[in-house]
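As the structure lists them, so they are numbered: ligands from 1, and atoms in each ligand from 1.
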Amino acid sequence: MKSVAGAGVVVTGAGSGIGAALARRLTAEGARVVVNDIDAAAAAAVAASCGAVAVAGDAASEDGVAWLIGVAKESLGEIDLYCANAGVARPGGADADEVDWDLSWQVNVMAHVRAARLLLGPWLYRGRGHLICTVSAAGLLTMLGSAPYSVTKHAALSFAEWLAATYAHRGITVQALCPQGVRTAMLDAAGPAGRILLEETAVTPEAAADAVVSGITDGRFLILPHPEVARMYAGRAADPDRWLGGMNKLQRHVEAQHA
Ligand SMILES: NC(=O)c1ccc[n+]([C@@H]2O[C@H](COP(=O)([O-])OP(=O)(O)OC[C@H]3O[C@@H](n4cnc5c(N)ncnc54)[C@H](O)[C@@H]3O)[C@@H](O)[C@H]2O)c1
């Protein structure tokens with residue numbers, strides 16, 4: 001897909017932040033968009049702001065994903081592009097609650113698996129389909145202050161890679177949106193590490209949506225609103241110990257700021 005004009009699109013978690021900007025940008029580009037969010041009022045407001053259709057509900061549970069895709073198909077006909085964007089960021093390390101680990105796993109990973117399970121059959125039959133997973137630079141690198149986020153975003157990236165490697169020759173495009181900081185409620189709620197590390201270079205949700213539209217045109221797997229993330233990712237692969245040393249230096253910097 002080089003252009004989204006006329007395409008049937010679902011954006012999950014589009015009641016705010018990146019998803020809302022994406023829904024607005026894609027409708028402006030001529031797509032027919034379903035705005036999903038677990039927050040019904042937020043989904044309705046964003047849909048009303050851009051002439052999209054609101055379908056509120058949980059985009060992570062097995063039943064929720066099935067319901068969302070079913071209702072979206074009634075509205076759109078075929079789903080040409082599914083943006084698995086909903087995500088949660090929970091703080092903590094190994095000590096984070098079981099509830100937070102589980103929620104992170106359900107929303108950041110299994111939501112993508114469950115959507116792909118239902119979308120792939122029709123997409124493979126048609127010989128085309130497009131999935132954009134909102135991952136994070138944390139899925140390529142790490143996010144100090146949140147082990148559940150880092151681990152589940154790595155898993156989300158891994159699933160997207162696996163899909164792309166397995167189905168590219170059958171007309172399926174899979175891309176991973178991996179921003180660093182984006183000025184949304186999630187960044188506002190980030191702990192000290194998030195604020196210290198991400199705020200300075202944070203981009204607007206609209207800039208992230210611009211990167212997605214450019215990414216759809218160029219078709220590359222990684223969509224990077226912060227291009228410098230590519231260099232960091234390469235550095236991590238080339239010399240893991242040096243990269244870990246740098247991350248630990250940042251951790252000590254965060255701790256010093258809060259001493
Ligand atoms: N803000 C950042 O700095 C940043 C950076 C990298 C990646 N991301 C990723 O971008 C995505 C969007 O985050 P955001 O920054 O716009 O945050 P946000 O909190 O503004 O938006 C997330 C939206 O997802 C919704 N949501 C949560 N669980 C849901 C579920 N089960 N079903 C449906 N909707 C659900 C929330 O109600 C919310 O409206 C997330 O996947 C996040 O991890 C954000």
**Fill in**
So CD1 of I216 and CD1 of I223: to nearest 0.5 Å the spacing works out to 6.5 Å

Just distance, no hydrogens or angles: give the donor-acceptor pairs under 3.5 Å from side chains in residues 13-21, sequence neighbours left out.
none

**Request:** Run through H253, Q257, Q251 and flag the one making a side chain to side chain donor-acceptor pair (under 3.5 Å) with E255.
**Result:** Q251

**Check: D39 main-chain N/O paired with D37 side-chain donor or acceptor under 3.5 Å** = yes

**Asked** Tell me, which residues have any heavy atom less than 4.0 Å from some atom of ligand 1?
**Response** G13, S16, G17, I18, N36, D37, I38, G57, D58, A59, A60, N85, A86, G87, V107, T134, V135, S136, Y149, K153, P179, Q180, G181, V182, T184, A185, M186

**Prompt:** Out of T173, D80, I172, which one pairs with R128 under the side chain to side chain contact (heavy atoms under 4.5 Å, CB included) rule?
**Reply:** D80

**Item:** Spacing of NE2 belonging to H112 relative to CG belonging to L119, to within rounding of 0.5 Å
**Value:** 12.0 Å

